[in-house]
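We name chains A, B, ... by the order of the sequence lines, and we start the count at 1 in each one. Just so we're clear, the structure is a prediction, and the values are computed from it rather than from any experiment.
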There are 2 protein chains.
Amino acid sequence: MDLDTVRTFVAAADAGQFQEAAAELAVTQQAVSKRIAALERNLGVRLFTRTPRGAELTIDGQAFLPHARELLRVAERAVASVRTGRRPLRVDMLASRSAASGLMRGFHRAHPEIELDVVMLFDIETALAAIRSGAIDASFRAVAVPGRPLPEDIESVRVLDEALQLLTGPAHALAGARSVTVAQLAGHRIWMPGIVPGTEWAAYYDDLVAEFGLTIEATGPNFGSDALLDTIADTPALATFMGEQTRLVWPADHGLRRIPVTDPTPVYPHSLLWHRDNPHPALATLRAHLAAAAAGHDAAGTWAPGWVIPR
Amino acid sequence: MDLDTVRTFVAAADAGQFQEAAAELAVTQQAVSKRIAALERNLGVRLFTRTPRGAELTIDGQAFLPHARELLRVAERAVASVRTGRRPLRVDMLASRSAASGLMRGFHRAHPEIELDVVMLFDIETALAAIRSGAIDASFRAVAVPGRPLPEDIESVRVLDEALQLLTGPAHALAGARSVTVAQLAGHRIWMPGIVPGTEWAAYYDDLVAEFGLTIEATGPNFGSDALLDTIADTPALATFMGEQTRLVWPADHGLRRIPVTDPTPVYPHSLLWHRDNPHPALATLRAHLAAAAAGHDAAGTWAPGWVIPR
DNA sequence: TGTCGGAAACAACCAACCGTTGTACCCATA
DNA sequence: TATGGGTACAACGGTTGGTTGTTTCCGACA
């Protein structure tokens with residue numbers, strides 16, 4: 001199916017006749033007639049009843065019309081998403097189920113008129129390059145990597161500290177606990193496949209291990225979160241970390257337990273990063289929204305690496 | 001833009017290389033390469049970075065990808081809307097802002113998995129023909145026309161009685177009233193352009209006029225509800241009727257007043273009609289939903305023509 | 001009743017596009 | 001350095017899609 005054809009259908013439906021639609025689209029009446037005929041042939045139904053005074057929609061045509069309009073709207077948004085200048089606000093985040101995603105959902109609820117695009121870049125180095133090149137407008141990341149301060153033209157603000165929770169299967173030794181201390185985790189195997197050395201989140205877990213003497217294994221290929229949860233649920237000796245705001249997609253949770261960690265609570269710090277000179281109007285709105293949403297969180301009893309941006 | 005091209009883009013993005021995408025789509029690698037190049041030329045941005053081991057998305061490509069997927073989803077729904085056999089439930093109603101629309105929104109909230117299409121046919125005669133031909137599955141109408149009983153193969157159930165309200169501008173004589181009786185309306189000019197003689201809703205208002213001695217004018221062309229509201233707001237001598245569930249799209253209501261009518265309250269009876277032998281599974285679900293939603297309404301103090309289907 | 005006018009469909013032609021085959025190029029790896 | 005897997009470029013042919021020219025249909029009106 002061709003979107004020009006769909007556009008032609010909508011124009012003809014609105015005009016009530018092919019000739020006027022043809023004039024609007026700057027083609028001949030015969031071209032419109034052929035396009036509509038081809039569309040009808042593809043769909044296998046008649047969309048218009050031809051009359052001597054024009055063409056009016058059949059019931060099938062009426063049913064198809066709103067879908068056709070929607071198709072054109074979506075196509076326009078798709079084109080706009082890559083239009084240079086005045087394109088939707090483009091934000092990078094760690095993963096689609098991270099806490100940043102919740103923040104962006106909240107922002108979208110508060111400002112539904114602002115068009116958004118979400119991309120997921122590899123790590124903070126890539127994100128910084130993309131911000132400086134203008135390819136993205138903002139990034140949710142745990143700034144920065146140890147010993148490497150942010151460039152001067154990048155600004156940032158810490159917007160959310162997300163507590164880590166322990167995720168275990170029902171047969172795990174800690175499965176019955178209401179909460180566990182970090183000290184209790186020493187000696188237990190914590191499995192986090194997919195950690196890529198050199199990224200800022202790998203640095204976070206390295207720091208966590210070094211600080212509290214934990215055992216985190218990143219061995220084995222990462223088959224995705226479904227496979228991870230599957231293994232955790234079935235393996236009594238394994239547990240994993242998960243952000244408190246991560247929503248599991250899991251049939252009835254499969255007996256998985258989420259256990260808060262205390263003394264201290266490790267938190268993953270999400271900061272918003274953007275370029276000092278980025279003129280996108282929606283960026284200011286986003287910053288204002290996040291500043292309001294971030295206010296009033298309590299940092300007492302939590303832990304984060306010393307190299308992240310302070311609150 | 002061509003949807004085959006979009007499909008090719010999504011396949012290439014998923015596969016991470018053009019060759020595998022080409023195999024999936026049963027075309028040659030060169031065809032995929034050309035399609036992607038053409039798409040990039042149209043959009044004016046590079047979507048993939050070509051590497052010796054395949055092709056990976058640029059940031060623009062990442063931003064475009066979800067829109068492309070959405071485009072394919074919408075296209076599939078569009079095609080499904082006219083597919084014979086197992087197509088979405090197709091329902092006819094009076095107008096997009098009628099009470100039936102509210103009922104269908106409620107049904108959609110309760111059963112978001114059921115695909116719906118709404119069409120707006122001319123009158124109940126057209127609707128009955130469409131139901132019998134299978135072109136639509138159900139219709140919200142005020143059955144029937146006086147003196148013409150429903151055909152035997154059409155079933156119906158009264159699902160909602162919608163009270164009529166008087167709509168006036170701020171300078172109308174009744175604008176200050178908390179409610180008005182039908183008797184008080186005698187002598188006032190009620191303006192309802194767009195009433196088409198011969199339709200079942202024209203018959204309804206004919207009956208209303210005959211029963212209570214009202215003055216309803218249907219003169220003048222119907223320029224749409226915006227123009228109607230505009231005139232009502234500015235003309236002290238004119239008022240109109242409007243269903244209580246009709247949502248006005250009006251900047252700050254422009255001083256318009258909605259006044260309940262009593263002694264008795266005229267109600268517009270909405271019934272659901274369907275064909276006895278229609279096998280669409282969603283139709284049974286809709287009937288069950290509406291039966292539950294319709295229960296417990298009070299008919300005391302209301303008026304409807306004698307020829308409609310009884311409750 | 002016959003004619004006129006507006007609108008869509010049909011036919012023939014031409015150009016542009018699209019997919020194919022064949023080939024060159026690039027780069028990681030052995 | 002050779003090889004293999006991947007992409008881009010070039011040339012060719014068939015199909016598609018748009019245009020012009022013409023026919024058909026039907027309502028309005030004399």
Could you go step by step and tell me if Leu65(B) and Leu57(B) meet the side-chain contact (heavy atoms from CB on, under 4.5 Å) rule?
CA-CA 9 Å; Leu65(B) 180 57; Leu57(B) 287 173; 3.8 Å; yes
- request: Please lay out, stage by stage, how Val45(B) and Glu40(B) fare under the test side-chain contact (heavy atoms from CB on, under 4.5 Å).
  value: CA-CA 5 Å; Val45(B) 296; Glu40(B) 289 177 327; over 6 Å; no
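Atom NZ of Lys34(A) is separated from atom P of dA16(C) by 16 Å (rounded to the nearest Å). Following rounding to the nearest Å, Phe18(B) (CZ) and dG19(C) (C1') show an atom-to-atom distance of 16 Å. In this structure, Met1(B) places its CE atom 17 Å from P of dC17(C), rounding to the nearest Å. To the nearest angstrom, C1' of dA9(C) lies 12 Å from CD of Glu40(A).
Taking Glu115(A) as the reference, Arg77(A), Pro88(A) meet the side chain to side chain contact (heavy atoms under 4.5 Å, CB included) condition, with sequence neighbours excluded.
Salt bridge status for Asp60(A) with Arg90(B): present, with a side-chain N to carboxylate O gap under 4.0 Å.
Once you apply a 4.0 Å limit to the heavy atoms of chain A, the touched nucleotides of DNA chain D run 5' to 3' over dG18(D) to dG27(D).
Between Arg53(A) and the phosphate of dG5(C), there is no side-chain N or O to OP1/OP2 separation shorter than 4.0 Å.
Within 4.0 Å of Gln17(B), counting heavy atoms only, lie sugar-phosphate atoms of the nucleic acid but no base atom. Within the nucleic acid shown, Gln19(A) comes within 4.0 Å of sugar-phosphate atoms alone, with no base atom in reach, counting heavy atoms only.
With no hydrogens or angles considered, no side-chain donor-acceptor pair links His275(A) and Asp137(A) at under 3.5 Å.
Interface remark: the Gln30(B) side chain does form a donor-acceptor pair with the dG22(C) base, using a distance-only criterion of under 3.5 Å.
For the pair Val32(A) and Glu20(B), nearest-nucleotide mapping onto DNA chain D gives the more 5' position to Glu20(B). When each of Ala31(A) and Pro52(A) is assigned the nucleotide of DNA chain D with its nearest heavy atom, Ala31(A) is the one assigned upstream, toward the 5' end. Projected onto DNA chain C by closest heavy-atom contact, Gln29(B) and Arg35(B) fall at different nucleotides, the more 5' of which corresponds to Arg35(B).
The line from OG1 of Thr8(A) to CD of Glu24(A) is 10.5 Å long, rounded to the nearest 0.5 Å.
In this structure, Phe9(B) has its ring center closer than 6.0 angstrom to the ring center of Phe48(B).
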